[in-house]
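Please read the structure below before turning to the comments.
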Amino acid sequence: MQRVVGEGYDVVVVGGGHAGIEAAVAAARLGARVALAIPNPETIGVMPCNPAIGGPGKSQLVFEVHALGGAMATLADATAIHGRTLNASKGPAVQSLRVQNERDGYAAAARALVESTAGLSVVRGEVAALEVASGGRTAAQRITGVRFSDGRTLAADAVVLCAGTFLRGVVWYGRKQRDAGRQGEPPARHLSHSLIATGHRLSRFKTGTPPRVRADSVAFDELEVVPAEAPAVSFSGTPGPRVTESPTWLTRTTAETHALIRDHLGESAMYGGDIAGAGPRYCPSIEDKVVRFADKDHHLLFVEPDGIDTSEVYLQGFSSSLPPAIQERMVRTLPGFARATIQRYAYAVEYDALDPSQLDVTLMSRVVAGLFSAGQINGTSGYEEAAAQGLLAGVNAARWVEGAERVTIRRDEGYLGVLVDDLVRWGVGEPYRMLTSRNEYRLLHRQDNADARLTGHGHAWGLVGSERLAAVGASAARVAAEVARLGAVRGDGERATTLLCRPGASYDAVIGRVGAPAVTLSPEERRRVEIEVRYASYIERSAKQLAGRSQFERLGLEGVAFERVASLSAEGRQALERAAPATVGAAQRVRGVRDSDVAALLVHLKSRGAVSRETAGP
């Protein structure tokens, strides 16, 4: 195969969404000559759904991407117009940062990053096929490059597919369809055929997006205001200049909304039987919500701006595939939207996804050596999941070209490890969304300690400099020293750690009684001290539980009635009942059983006296 004249590349990244950006930038920073292939470079970094980053389970991924040397956190902070911590009243394991972004500003910043990265070129065109040869290092086939729909070819030793929802994409407005990867953009028409021809299995998935409403047609005074958090919050440690500039708002569906939807379900592409693809369970359409939760008289909706100066607001939680005329009526049943004008209608998109169980934990195909994939093509949903995969795939593509050992993050090391393990161990039957409940060690994998956990990996991979690594190490040392000091000093006859564990206590109040440390801690470090002290016994227990996983093979499940095991997911219970595993170790390997289900089994066995407290966890 001939290269494009004058061009020579080590890695070709296909697609310029969040996965493609991370993959291309990471591979180039590691010294690879990278081509980012995309039909329209102006769509790099476009946010086709809500222009927001973070949320439960997702913010942890963003913090981890940042710790490993990725770009998303910096891009999100630089373009944030609203930020707040979700689940702030709950424990640190589930607290999550979420920022609303300037939609156009994020795309502009992402494109500027791509275009300014040394060794990275943007090549315009639709990738139509994979070029492969026999005799791979780890498979019978190996990648040699890609071919565009116009016949051009790019030779490369590694290819990263980040095609999003574009593979044979079909967009639905009611029961009318057109070929598209998302609103206004054509699909990838041919690449699915090439994947199938090389021996890959594909699934058909569906997702959707809500309508965008003209901001000047909304009665904001009728909505509940959700102010930005102050002081300003950030993923990267540097809050953006506008992160407290805009509020968001809340509205809700009404009985009239629900009646209108029920009356027109047959006009929905999904309920009319036109869409065969599986939809996202944890991000359902408004039709799904009304049908599945028929006892609910309303559903909360978040009204979120697409930017400070843009003319649209986004109705988070109101995704639909009903016809535009019905959408107009539905929107006007919402408080504050009686005179609303829809600027862009909601739609559903159906697309092909690669079965990720055909990948290894480095996100390289087991079928074609040198072929990597990341993002929604792997059956996931969400910007954050895509970025995390893209970073890992890009790093490994560059290492593959160099002949270096590929890397991964293990399940016991963080959310990225959970994500990859879930995908490659079980595959997916529906679009996968990261949730804190998927991570059985979420108390150990908090967003506040992502730097301490993973910056060393980022440095070893070559994406994090020595100066930043030293700063993270020094911060961790200050936190550890202060935790130890508080365990030794007393105030009013009690240890400082005891005082800090009392309801309503704060670090600042405690050091007011026992004295401040020699070195002043940052607000983030003070917060981490509070967490480490207050949750010390749980953290220690989780660590012991992690170390005790080798005992699983000896823990029998004879006589266990899975329907009586508390906290088992519905999928896990069904899978266990079908497979009837003899031990916890065997249960862990059953397709469809999450590690959180294994944790639930351990707690159940502990209640029966069949396993130690340390192994079962809190």
Side-chain angles (χ1 to χ4, degrees), residues 1-46 70-71 107 110-133 142-164 166-167 181 185-186 188-191 194-195 198 363-365 368-375 377 386-387 389-404 462-463:
M1 184 180 68
Q2 297 297 313
R3 298 182 190 271
V4 170
V5 176
E7 302 285 2
Y9 300 105
D10 300 310
V11 178
V12 173
V13 176
V14 181
H18 301 281
I21 291 165
E22 297 287 357
V25 171
R29 288 181 58 200
L30 293 180
R33 297 163 300 171
V34 180
L36 177 63
I38 186 170
N40 181 4
E42 293 183 3
T43 63
I44 291 173
V46 164
R111 185 175 179 183
L113 171 65
V114 167
E115 292 177 341
S116 65
T117 299
L120 171 54
S121 301
V122 178
V123 178
R124 187 165 193 154
E126 178 195 342
V127 171
L130 305 173
E131 296 284 340
V132 301
R142 62 181 173 84
I143 199 76
T144 60
V146 299
R147 185 173 69 253
F148 290 96
S149 58
D150 60 8
R152 288 175 300 152
T153 58
L154 288 181
D157 292 323
V159 170
V160 186
L161 298 181
C162 306
F166 282 75
L167 294 186
E185 296 181 60
R189 298 161 293 176
H190 310 295
L191 191 53
S194 186
L195 284 166
T198 52
L363 297 182
M364 189 173 82
S365 169
V368 177
L371 176 65
F372 298 81
S373 58
I377 190 175
Q389 293 172 71
L391 178 67
L392 183 63
V395 167
N396 281 317
R399 295 178 74 90
W400 173 261
V401 169
E402 290 296 316
L463 294 178

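Because only heavy atoms are used, hydrogens play no part in the values below, and waters and symmetry mates are left out as well, while side chains stay in. Here, residue 1 is the first one in the sequence, and each next residue gets the next number. These numbers were taken from a predicted model, which means no experiment stands behind them.
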Would you say that Gln389 contacts Glu22 through its side chain, given a criterion of any heavy-atom pair below 4.5 Å between the two side chains?
no
To the nearest 0.5 Å, what is the distance between CG (Leu36) and CZ (Arg111)?
10.5 Å
Quick one: OG on Ser121 to CZ on Arg33, what's the gap to the nearest 0.5 Å?
10.5 Å
To the nearest 0.5 angstrom, please state how far the CZ atom of Phe166 sits from the CG atom of Leu191.
12.5 Å
Spacing of Asn40 atom CG and Arg124 atom CZ [to the nearest 0.5 Å]:
4.5 Å
Using side-chain heavy atoms (C-beta onward) and a distance below 4.5 Å, is Leu167 in contact with Leu195?
yes
Over all heavy atoms of both residues, which pair between Ala128 and Ser194 is shortest? Give the atoms and the distance, please.
O-CB, 4.2 Å
With Val123 as partner, the option from Leu154, Val146, Val34 fulfilling side chain to side chain contact (heavy atoms under 4.5 Å, CB included) is Leu154
Heavy-atom pair with the smallest gap, counting every atom of Ala26 and Val395
CB-CG2, 4.2 Å
Gap between atom CE of Met364 and atom CZ of Arg399 - 0.5 Å precision
13.5 Å
Would you find a donor on one side and an acceptor on the other, under 3.5 Å apart, between the side chain of Glu126 and the backbone of Pro39?
no
Does a side-chain heavy-atom distance below 4.5 Å link Leu130 with Leu371?
yes
In this structure, CG of Leu30 is separated from CG of Leu463 (nearest 0.5 Å) by 4.5 Å
Which atoms form the tightest heavy-atom contact between Ile377 and Leu161, and what is the distance?
CG2-O, 3.6 Å
Using every non-hydrogen atom in the two residues, find where Thr117 and Ala28 come nearest and quote the distance to one decimal.
CG2-CB, 3.8 Å
So which heavy atom on Val160 is nearest to which on Ala23, and how close?
CG1-CB, 4.1 Å
Considering only heavy atoms from C-beta outward, does the side chain of Ile44 approach that of Glu115 to under 4.5 Å?
no
Heavy-atom nearest pair, Ala393 first then Ala374, reads CB-CB, 4.1 Å
With side chains defined as the heavy atoms from C-beta onward, is the minimum distance between Asn396 and Leu363 less than 4.5 Å?
no
